[in-house]
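Only a predicted model underlies this, so the values are computations on that prediction, with no experimental measurement involved.
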Amino acid sequence: TTTDVQFLADSGVVAKDWAKKFPHDASPTTSTMLFLVRNGNPKNIKDWDDLIKPGVQVIVVNPKTGGNGRYAYLAAWGAVREKGGTEAQAAEFVGKLYKNVPILAKGGRDATATFLQ
């Protein structure tokens with residue numbers, strides 16, 4: 001697969017070596033993750049760490065098949081690293097997070113439908 005930015009690089013719109021200009025070969029963009037919770041937030045979800053608590057179920061798009069799923073995976077990983085965690089701690093966290101995922105949604109619409117059930 002290719003990224004939108006790589007498409008632009010291949011078309012000569014941005015520099016061919018764009019990925020080398022950012023830490024970890026990152027894309028020059030940001031995304032915001034949103035936690036949608038049940039009415040009244042009965043599980044008191046406020047941060048990433050709350051998503052790995054027992055009894056919490058997380059609905060997320062499959063990171064192997066959907067862009068939003070990849071963003072969620074990377075955001076979870078980055079949340080650990082941003083707090084000073086190691087790569088091993090990030091991997092452990094993501095593993096715990098996905099243990100709280102009862103089913104991986106096919107896409108955003110599927111994730112919304114699953115949440116609303």
Seminar exercise, completed: CG of Leu34 to CG of Asn68, rounded to nearest 0.5 Å, is 11.0 Å
Problem set entry | Closest heavy-atom pair and its distance - Ala111, Val61 | CB-CG2, 4.2 Å
Problem set entry | Minimum-distance pair of heavy atoms, taken over all atoms of Gly69 and Tyr98 | O-OH, 4.0 Å
Exercise. Are any of the side-chain nitrogens in Lys96 or Asp49 under 4.0 Å away from the carboxylate oxygens of its partner?
Worked result: no
Seminar exercise, completed: In short, Met33 meets Ala72 closest at the heavy-atom pair SD-CA, 3.5 Å
Exercise. Backbone N or O of Pro54 within a donor-acceptor pair of the Asn100 side chain at under 3.5 Å?
Worked result: no
For this session: Answer yes or no: is there a side-chain heavy-atom contact under 4.5 Å between Leu51 and Phe35?
Result: yes
Problem set entry | Ion pair check, Lys20 and Asp17, cut-off under 4.0 Å | no
Exercise. In this structure, are over 12 heavy atoms from other groups packed under 6.0 Å from Lys46 atom NZ?
Worked result: no
Problem set entry | Taking every non-hydrogen atom, the tightest pair across Lys43 and Gly55 | NZ-O, 2.8 Å
Exercise. Is any side-chain heavy atom of Arg70 closer than 4.5 Å to a side-chain heavy atom of Lys64?
Worked result: no
Exercise. Are the side chains of Lys16 and Asp10 in touch, meaning some heavy atoms are under 4.5 Å apart?
Worked result: yes
For this session: Report the C-alpha separation of Val60 and Leu104 in whole Å, then their side-chain angles, then the decisive distance to 0.1 Å, and conclude whether the side-chain contact (heavy atoms from CB on, under 4.5 Å) test is met.
Result: CA-CA 6 Å; Val60 66; Leu104 290 168; 3.8 Å; yes
Problem set entry | Minimum heavy-atom distance between Gln117 and Arg38, given as atom pair plus value | O-NH2, 4.1 Å
Exercise. Do Val101 and Ile59 touch side chain to side chain, with heavy atoms closer than 4.5 Å?
Worked result: no
For this session: Please report the closest heavy-atom contact between Leu97 and Ala76, naming both atoms and the distance.
Result: CD2-CB, 3.7 Å
For this session: Check the angle between the aromatic planes of Trp48 and Phe93 and answer parallel, tilted or perpendicular using the 30° and 60° thresholds.
Result: perpendicular
Exercise. Quick one: does Asn41's side chain have a donor or acceptor within less than 3.5 Å of a partner on Val37's backbone?
Worked result: no
For this session: Verify, without hydrogens or angle tests, whether Gln89 (side chain) and Thr86 (backbone) share a donor-acceptor contact under 3.5 angstrom.
Result: yes
